[in-house]
Novice: 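Structure incoming, see below.
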4 protein chains.
Amino acid sequence: MPLTEDGELDAASLERLCGHLLEAGVRGLFVNGSTGELAYHTDAFRLAALRVVRGVAGGSVPVLAGAVEMTTNRVVAQARAAREAGADAVVATVPFYTPTHPDEMADHFRAVRAAVDLPLWAYDIPGNVQRKLPVEVTAHLAADGVLAGLKDSSGDLDELRTLLGLTEASGARARGFTVLTGSETMADAALALGADGVVPGLGNVDPHGYVALYEAARRGDGRGAAAHQDRLRRLFALTRVGDPARIGAYSSALGAFKEALRQRGLLTSARTPAPLRPLSDPERAEVSRLLAQAGLGPV
Amino acid sequence: MPLTEDGELDAASLERLCGHLLEAGVRGLFVNGSTGELAYHTDAFRLAALRVVRGVAGGSVPVLAGAVEMTTNRVVAQARAAREAGADAVVATVPFYTPTHPDEMADHFRAVRAAVDLPLWAYDIPGNVQRKLPVEVTAHLAADGVLAGLKDSSGDLDELRTLLGLTEASGARARGFTVLTGSETMADAALALGADGVVPGLGNVDPHGYVALYEAARRGDGRGAAAHQDRLRRLFALTRVGDPARIGAYSSALGAFKEALRQRGLLTSARTPAPLRPLSDPERAEVSRLLAQAGLGPV
Amino acid sequence: MPLTEDGELDAASLERLCGHLLEAGVRGLFVNGSTGELAYHTDAFRLAALRVVRGVAGGSVPVLAGAVEMTTNRVVAQARAAREAGADAVVATVPFYTPTHPDEMADHFRAVRAAVDLPLWAYDIPGNVQRKLPVEVTAHLAADGVLAGLKDSSGDLDELRTLLGLTEASGARARGFTVLTGSETMADAALALGADGVVPGLGNVDPHGYVALYEAARRGDGRGAAAHQDRLRRLFALTRVGDPARIGAYSSALGAFKEALRQRGLLTSARTPAPLRPLSDPERAEVSRLLAQAGLGPV
Amino acid sequence: MPLTEDGELDAASLERLCGHLLEAGVRGLFVNGSTGELAYHTDAFRLAALRVVRGVAGGSVPVLAGAVEMTTNRVVAQARAAREAGADAVVATVPFYTPTHPDEMADHFRAVRAAVDLPLWAYDIPGNVQRKLPVEVTAHLAADGVLAGLKDSSGDLDELRTLLGLTEASGARARGFTVLTGSETMADAALALGADGVVPGLGNVDPHGYVALYEAARRGDGRGAAAHQDRLRRLFALTRVGDPARIGAYSSALGAFKEALRQRGLLTSARTPAPLRPLSDPERAEVSRLLAQAGLGPV
């Protein structure tokens, strides 16, 4: 999320970034997702960001808003606020902080959907919430119409394939259940398996690249999609610019995305929220090198 | 957290429970901890609960309030609200949802402490937040006076011992840095290693048992403390009353604690918050059996 | 590995099974792999099995022999014995039981290759040996000619893709470095990414299915390969015939493969080695159902 | 295991080391355990080492021999050979490389015990074999007389306490079932909980220290035992002499133990087996510093 040097929401940069995404041809905007720093900002900040994105979108594409919180009651509160602020759909994970039985995961999504009159997407991101949303649970919720879609950030293509098969068989896919992959590096493979689209964090840095990948895949040009993917895989080295001791922490990956956006002229500042530390000079130089290698200059 | 059958805060039961704890001789109250269902309730609910506890305590013992949120800005918001509501200290974990470098963990606690003028405790609970607070980080923060204490719910007695040694050597312990264990089942061992006290979730069910354990340990009666501990270990089977498929989910453990409190007459209802499912009849019967075995009847 | 009811090597069944594989058109045989029960048999048994397989192959296809042991010296001993027994190549994992630094993993493969004059394959199977063979290590060893190939049973297609890119760039692929996937369920995806072939445990049950999948992929028919794969994915439910408490143990998966081979007339007995327990009657019935659904009868 | 510069068994050093242990007052010798490099040596080497140890012991103390292998048949082969070579008991882990159901773990130990007429010890070391031996399984096997004892290298004192309770209640403890801890750093705590003895890898470097700790614990002097333990905890920093990138690999811990033994004059060479890399000069200097700090000079 674009920040001023003081750590406040930089609405101008956020507008510029969203405009750039729309210009590239994205079909939707996802705000308050993981790369959107959902974990780092207060409720008020999250809503302010949503309102800015909503304003830029202006109804031209749907705005999906993360309502990511630990359990049902807290998700409902987030989802209601997002609805007030104009979200077209909300995106929620399974409960986290404490463990939850799969049946209770299903209850969780049912309760959120019942409480808030907006399409509900499941966000499967086990690296962040410790537990995978079992495909059987997703498939049941899709068949019952509780879920409008899934953002799959699990990295598990095998399970994704199972889910696509189950939701095809149940008719949920035919009734509109949508599956998006959050993978930056295997998006073409997910599309080849039948996923409907891509929601990659790296897509903020190079939306044209992912749109081109998506369109190649749509027209059945697997080789072309793979070529775009391979280029974007090299760019994904942005997440590894940190010295090894920092890799694995979030600051280097998020910091490199923001530094890349700053160098491209989309963000005024690359500042990351507390407690993430800024990139070092060598790390910033590596960001420059990777952008140049990818042919990405100022927009 | 005591709930009415409608899922609202049951203030009367909460007052009854806190009164029971104080009567048993506890030296402090911890509200909005993990067993206190911090993950399950909205901000407004958390504050309402804190105010009730504050009212019962009436200054007789300190009230520590969990300010458990994903990252710094959100923790600061919780901590400020807790201060307004009368907390005597706040308790925060390391950041969760996204990974954080140890240096950034230290920055996190420093920033929270700087933002909120209340004693700050670290809450080390890696099972819930995925990452252990490294003892070196805790020791530095203790030496610098950033942390007033630690609630160790890691279960790692070896690391606890290292921390006690480091904070002894730095003088932090002499200056008041306090270490409490959250272990229900190895509290006597933690006290023998030098921990200052015990904050066990099961202590809600049998506060007299833990106070007796603590007092035996204080007077150097390791054998006596162990006898109390062994009895409480048997009672801890409450966390395993669920059928095996449910064990590991949180509903059976939390549900059994609440059912035990209901059977003891302290809670009006054993209701658990969404999405946790209630205990079955056989599970409730097993709670009764364990209470009887522990000699715990209505209060 | 086919066993008599007494738990001895059933050479006749092993010959029948290998003959069936060759008849289906496989291009090589891998003996003493994980599905080949390498963990369960003595050194003498392993060699006896290798000799039987070698006899059936008769030089018509290469025989790769697992030399899977905890560390270098033990692998060398296995590899030498396999060479004596007629193996055309040996396959080794990274060290296990104790942790090993990536540089030492490289030393490990170099030492094995130096000690035994046979082509050496790396076997990447982190689920069994706790550690992934880093792609950078594999790529270096491929570039240096230490490794002739890789059997990738990691399930990580993203890393596989990175490896294929690195070995392409270094010229190792052009010089013959071969990459096979061990995946039963994503073999078509691995082939689409550039893998050279498939070594699936389930291929024992339905070699014709995997040969057809492979040939479709080779001729660029991704849709056809996917259709074969989807059918084989359904058959892979063999690994989940056990009641849930048994799933995750090895006995149900291996037992179901052997029961399927018995029902197809290839094995005389479905006996599994100690300490694996046999399938129950309902589990065997489920095997029958899955075979019928896949159109697999007696051969 | 002491090695010559050529990597062969250094029998003279092994005799010297064992003599040193006996002189310090140990009550038994454990050969081919994890610190004894069981993973790194061939069967022939393992047996040669056992024979040397057997010779030094000369019946004065029992010699326990590791029969650590992946599954039942392989363990039986190791155990039979160990029996031939004069072992007084054998020590086996749960199966590894492939997962095993708890009931099959029990079958495993039963089968080994039935096949080899020697007392059988379970070796619970989940960090190396991926799975913990459940206490319920151990308790049943103890009650049935299948197991003579347990070496607990799990580091889980809570479960150890449960096991001690179960085996006390069943009468197994009264009939001689023995529990030893493998912990270097919490040995006093394990003894306080009721463990019968200590089998620490670091005990090779400072056997007098552990014997003194044990004797203090035996006579009920918890404070004295803790003082010995705290000194040995500082010495245990030997396992962390490596640069951070190496820590977690086994080479630095094992290498430091061997270098310490070399500096104390017990080993002729600190050589480690393939593929472990030797310590660097700074790492060796750190070993010297830690020995000096612990007051350990040449013997």
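Quantities reported herein were computed from a predicted structural model and do not represent experimental measurements. These numbers come from the heavy atoms of this one structure, side chains and all, not from hydrogens, waters or symmetry mates. Chain A is the first sequence line, chain B the second, and so forth, proteins listed ahead of strands; every chain is numbered from 1.
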Novice: With A/E159, which residues qualify under salt bridge (Lys or Arg N to Asp or Glu O under 4.0 Å), at least two apart?
Specialist: none
Novice: Going by the side-chain contact (heavy atoms from CB on, under 4.5 Å) test, name the single residue among B/L141, B/V91, B/L180, B/L133 that passes it with B/L150.
Specialist: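 Of all the options given, the one that passes is B/L133.
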Novice: Identify which part of A/I125 has an atom lying under 4.5 Å from any heavy atom of chain B, answering side chain, backbone, both or neither.
Specialist: side chain
Novice: Looking at A/G7, A/S34, A/P273, which makes the most heavy-atom pairs under 4.5 Å with chain B?
Specialist: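 Most pairs with chain B among the choices: A/S34.
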Novice: Any donor and acceptor pair, going by atom type alone, linking the side chain of A/Q130 with main-chain N or O of A/F96 inside 3.5 Å?
Specialist: no
Novice: Does this structure show an ion pair linking B/D144 with B/R110, if we count only N-O contacts that are shorter than 4.0 Å?
Specialist: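 Yes, this pair counts.
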Novice: Against B/H108, only a single residue in B/T72, B/T100, B/T93 fulfils side chain to side chain donor-acceptor pair (under 3.5 Å); can you say which?
Specialist: B/T72
Novice: Select one option (side chain, backbone, both, neither) describing which atoms of A/Q78 are under 4.5 Å from chain B's heavy atoms.
Specialist: side chain
Novice: Does this structure show an ion pair linking A/K132 with A/D156, if we count only N-O contacts that are shorter than 4.0 Å?
Specialist: no
Novice: Show, in sequence, the C-alpha distance, side-chain angles and deciding distance for A/E69 and B/M70, and conclude whether the side-chain contact (heavy atoms from CB on, under 4.5 Å) test is met.
Specialist: CA-CA 9 Å; A/E69 265 291 346; B/M70 301 180 212; 3.9 Å; yes
Novice: Under 4.5 Å heavy-atom distance to chain B, tell me which part of A/V68 shows up: side chain, backbone, both or neither.
Specialist: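 Both backbone and side chain of A/V68 come within 4.5 Å of chain B.
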Novice: Kindly write out the residues that satisfy side chain to side chain contact (heavy atoms under 4.5 Å, CB included) with A/E136, not counting sequence neighbours, or none if the list is empty.
Specialist: A/P134
Novice: Is the side chain of A/D152 donor-acceptor paired with the backbone N or O of A/T181 at a distance under 3.5 Å, no angle test?
Specialist: no
Novice: Highest number of heavy-atom pairs under 4.5 Å with chain A: which of B/D103, B/V129, B/N73, B/L254?
Specialist: B/D103
Novice: Select all residues of residues 117-124 of chain B having any heavy atom within less than 4.5 Å of some heavy atom of chain A, and report them by number, or 'none'.
Specialist: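 Against chain A, the residues of residues 117-124 of chain B that fall inside the cut-off (heavy atoms, under 4.5 Å) are B/Y123.
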Novice: Run the side-chain contact (heavy atoms from CB on, under 4.5 Å) test on B/T239 and B/F257 for me, step by step, so that the C-alpha distance in whole Å, both residues' side-chain angles and the decisive distance to 0.1 Å come before the verdict.
Specialist: CA-CA 8 Å; B/T239 60; B/F257 284 179; 3.8 Å; yes
Novice: Check whether any side-chain N or O of B/K151 sits under 3.5 Å from a backbone N or O of B/A92 as a donor-acceptor pair, and report yes or no.
Specialist: no
Novice: Rounded to the nearest 0.5 Å, what separation is found between the CG atom of B/L267 and the OG1 atom of B/T4?
Specialist: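 Output value for this atom pair is 12.0 Å.
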Novice: Identify the residues of residues 37-53 of chain A whose heavy atoms come closer than 4.5 Å to a heavy atom of chain B, ordered by number, or report 'none'.
Specialist: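 If one takes a 4.5 Å heavy-atom cut-off, the residues of residues 37-53 of chain A near chain B are A/L38, A/A39, A/Y40, A/H41, A/T42, A/D43, A/R46.
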